[in-house]
Amino acid sequence: MSLELGFGVVGLGMGMNRANQIDNTEGAKLIAVADLDEGRCNNAAEKFGCDTYTDANEMFDRDDIDVGMIMLPSGLHAKIGIEAANRGTHVITTKPMDVSIESCDALIDACEKNGVKLLVDFQERYGEHNRRIQHAVQNKIIGEPIHCELRMKWFRADSYYVGWHGTWEFDGGGSIMNQGVHYVDLMLWFMGDVDKVIGAHFGVYAHENCETEDLATAILQFKNGAVGTVYTTTTFPSNNVSMIQIHGTKGVVGLGPNIWDFKENEPEIELPHYPKNTIEDAIQVINNGKNAAVDGYEGKRSIELNMAIYESARAGKAVQL
């Protein structure tokens with residue numbers, strides 16, 4: 001394998017954004033894209049000068065594609081990722097990793113069996129402020145953690161739910177699984193594992209054609225002793241709110257807005273060099289043997305927690321993880 005990695009992107013919705021990211025990353029080359037929509041393929045060919053396919057497996061059969069980036073509806077991530085892995089191609093999936101723990105495990109197993117790397121594209125992990133938060137919480141610079149609050153209040157019109165969005169089969173859930181999963185992943189990265197979901201609720205409140213949920217809330221107990229509260233919705237008729245705040249005995253840190261406030265002197269933190277995005281990360285992982293920011297096991301954690309939240313809500317009782 002050459003130091004320059006060849007990439008193939010499957011799915012040209014958000015995939016066009018990632019194709020552009022690949023095209024602008026040193027050490028990466030966009031070889032081809034695949035999409036059922038020939039118009040999208042033609043647009044990509046014109047913009048990037050890449051080859052196009054309407055069959056992803058034909059694209060993966062090429063010997064010059066080292067990495068397949070899966071940008072499809074969530075319920076197809078493992079299925080198409082396994083096809084790539086079985087052809088010896090490294091895999092990146094967009095978030096969430098898939099819509100069930102079983103599918104996540106199947107993709108992990110396929111990648112391990114075929115000796116290829118698996119990354120999950122949780123882009124918020126690469127931001128410097130978020131890395132400072134993670135360092136401050138995990139090293140108890142904020143003292144003993146007491147409470148983590150996650151709020152994600154967005155709006156989606158009924159038109160958003162025409163198609164695969166808001167379906168259990170392909171979206172795996174609603175506001176907490178699609179929009180909120182970025183922040184669920186960050187929360188787990190910041191705080192560590194959840195011990196149990198104390199209680200939860202979800203439902204559809206403002207949409208006619210969403211079969212999953214447009215509002216979800218949960219109370220969590222973390223293994224470090226802190227309490228967590230989670231609230232996600234796509235019913236909020238105002239400016240989007242996306243935030244996490246964590247406070248401990250010595251300070252508070254957070255994002256959306258960024259918060260970095262301590263009782264005593266502000267700590268000085270030096271962070272090592274880090275990739276800017278999943279493309280740079282994949283290059284380091286594949287060529288230099290680095291650990292991925294989010295590998296398959298990390299990517300599965302947010303799915304496990306969301307499934308426990310749904311289970312708690314349906315059963316009306318606490319769920320141990």
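Since we're looking at a predicted model, the values are computed, not measured.
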Between Lys95 (side chain) and Asn178 (backbone), is there a donor-acceptor pair under 3.5 Å?
-> yes
So which pairs with a foot in residues 30-58 pass salt bridge (charged side-chain N to carboxylate O under 4.0 Å, His left out), sequence neighbours left out?
-> Asp35-Arg40, Asp51-Arg62
Partner set under side-chain hydrogen bond (donor to acceptor under 3.5 Å, both in side chains) for Thr54, not counting sequence neighbours | none
At their closest point, which heavy atom of Ile65 faces which heavy atom of Gly8, and how far apart are they?
-> CG2-N, 3.7 Å
Closest non-hydrogen contact found for Ile244 with Leu186 is CD1-CB, 3.9 Å
Quick one: list whatever passes ring pair (Phe, Tyr, Trp, His ring centres under 6.0 Å) with Tyr160, sequence neighbours left out.
-> His165
Does the side chain of Ile309 reach to within under 4.5 Å of the side chain of Phe202, using non-hydrogen atoms?
-> no
Can you name the residues that form a ring pair (Phe, Tyr, Trp, His ring centres under 6.0 Å) with Trp260, not counting sequence neighbours?
-> Phe262
Leu107 versus Gly81, closest heavy-atom pair with distance | CD1-C, 3.6 Å
Got a sec: does the CG of Asn239 have more than 12 other heavy atoms crowding it under 6.0 Å?
-> no
d(Asn287 CG, Leu3 CG) to nearest 0.5 Å is 5.5 Å
Heavy-atom closest pair, residues His247 and Ile142 = C-CD1, 4.1 Å
Are any of the side-chain nitrogens in Lys79 or Glu83 under 4.0 Å away from the carboxylate oxygens of its partner?
-> no
Check the pair Thr25 / Lys276 against side chain to side chain contact (heavy atoms under 4.5 Å, CB included), numbers first and verdict last.
-> CA-CA 10 Å; Thr25 299; Lys276 296 177 183 177; over 6 Å; no
Correct closest heavy-atom pair for Gly143 and Thr249 would be CA-OG1, 3.3 Å
How would you list, by chain and number, every residue that makes a ring pair (Phe, Tyr, Trp, His ring centres under 6.0 Å) with Tyr161, sequence neighbours excluded?
-> His207
Ile303 side chain near Asp98 side chain, heavy-atom distance below 4.5 Å = no
Besides Ile259, the hydrophobic cluster formed by Ile, Leu, Val, Met, Phe, Trp and Tyr side chains linked at under 4.5 Å, directly or via other members, contains Val252
Residues Gly228 and Phe222: closest non-hydrogen pair is CA-CE1, 3.6 Å
Answer with yes or no whether the hydrophobic clustering places Leu76 together with Met59; edges join I, L, V, M, F, W, Y residues whose side-chain heavy atoms lie under 4.5 Å apart.
-> yes
Looking at side-chain heavy atoms only, is the closest gap between Phe190 and Leu150 below 4.5 Å?
-> no
Are Phe60 and Leu12 connected, step by step, through hydrophobic side chains (Ile, Leu, Val, Met, Phe, Trp, Tyr) whose heavy atoms are closer than 4.5 Å?
-> no
Which distance, rounded to the nearest 0.5 Å, do you find between the CD1 of Ile176 and the CE of Met307?
-> 10.5 Å
Taking side-chain hydrogen bond (donor to acceptor under 3.5 Å, both in side chains) as the test, write out the residues that go with Arg314, two or more places apart.
-> none
Dump the intermediate steps for side chain to side chain contact (heavy atoms under 4.5 Å, CB included) on Val9 and Phe48, then the final yes or no.
-> CA-CA 12 Å; Val9 176; Phe48 303 114; over 6 Å; no
Do Val181 and Ile133 belong to the same hydrophobic cluster, where Ile, Leu, Val, Met, Phe, Trp and Tyr are linked whenever their side-chain heavy atoms lie under 4.5 Å apart, directly or via other members?
-> no
How far does CD of Glu213 sit from CG of Asp171, to the nearest 0.5 angstrom?
-> 9.0 Å
Got a sec, which residues hit side-chain hydrogen bond (donor to acceptor under 3.5 Å, both in side chains) with Ser175, two or more places apart in sequence or on another chain?
-> Thr232
Assess whether atom CG of Asn291 is packed by more than 12 heavy atoms of other residues, nucleotides or ligands within 6.0 Å.
-> no
By side-chain hydrogen bond (donor to acceptor under 3.5 Å, both in side chains), Lys140 pairs with (sequence neighbours left out) Glu144
Find the distance between OG1 (Thr235) and CH2 (Trp154) and round it off to the nearest 0.5 Å.
-> 13.5 Å
Run the side chain to side chain contact (heavy atoms under 4.5 Å, CB included) check on Leu220 and Met191 step by step: do they pass?
-> CA-CA 11 Å; Leu220 313 175; Met191 296 293 293; over 6 Å; no
Would Trp164 and Ser74 count as having a side-chain donor-acceptor pair, cut-off 3.5 Å?
-> no
Pair His147-Thr229, side-chain donor/acceptor within less than 3.5 Å | yes
Side chain to side chain contact (heavy atoms under 4.5 Å, CB included) between Met177 and Val99, intermediate numbers included | CA-CA 8 Å; Met177 183 64 87; Val99 300; 5.6 Å; no
Applied to residues 190-204, the side-chain hydrogen bond (donor to acceptor under 3.5 Å, both in side chains) test, sequence neighbours excluded, yields Asp193-Arg301, Asp195-Gln320, His201-Tyr205
Hey, does Arg131 have a side-chain heavy atom less than 4.5 Å from the side chain of Gln134?
-> no
Would Ile101 end up clustered with Leu188 when hydrophobic side chains under 4.5 Å apart are linked, directly or stepwise?
-> yes
Donor-acceptor pair, Asn277 side chain versus Ile279 backbone, under 3.5 Å?
-> yes
Residues 111-126, side-chain donor-acceptor partners within the protein, below 3.5 Å, at least two apart:
| from | atom 1 | to | atom 2 | distance (Å) |
| --- | --- | --- | --- | --- |
| Glu112 | OE2 | Tyr297 | OH | 2.6 |
| Asn114 | ND2 | Ala85 | O | 3.4 |
| Asn114 | ND2 | Asn86 | OD1 | 3.0 |
| Asn114 | ND2 | Ala110 | O | 2.7 |
| Asp121 | OD1 | Thr278 | OG1 | 2.4 |
| Asp121 | OD2 | Arg18 | NE | 2.6 |
| Asp121 | OD2 | Arg18 | NH2 | 3.1 |
| Gln123 | OE1 | Arg18 | NH2 | 2.4 |
| Arg125 | NE | Asp185 | OD2 | 2.9 |
| Arg125 | NH1 | Ala293 | O | 3.2 |
| Arg125 | NH1 | Glu298 | OE1 | 3.3 |
| Arg125 | NH2 | Asp185 | OD1 | 3.0 |
| Arg125 | NH2 | Glu298 | OE1 | 2.6 |
| Tyr126 | OH | Asp281 | OD2 | 2.7 |

Keeping the roles fixed (side chain from His77, backbone from Ile92), state whether a donor-acceptor pair exists under 3.5 Å.
-> no
Under 4.5 Å between side-chain heavy atoms, hopping through other hydrophobics if needed: is there a path connecting Phe155 to Val162?
-> no
With a cutoff of under 4.5 Å between side-chain heavy atoms, which Ile, Leu, Val, Met, Phe, Trp and Tyr residues group with Ile198?
-> Ile219, Val227
Are any side-chain N or O atoms of Asp66 and backbone N or O atoms of Leu5, one a donor and one an acceptor, separated by less than 3.5 Å?
-> no
Could you state the interatomic distance from CG (Asn209) to CD (Glu211), rounded to the nearest 0.5 Å?
-> 10.0 Å
Between CG of Asn130 and CH2 of Trp189, what distance do you get to the nearest 0.5 Å?
-> 6.5 Å
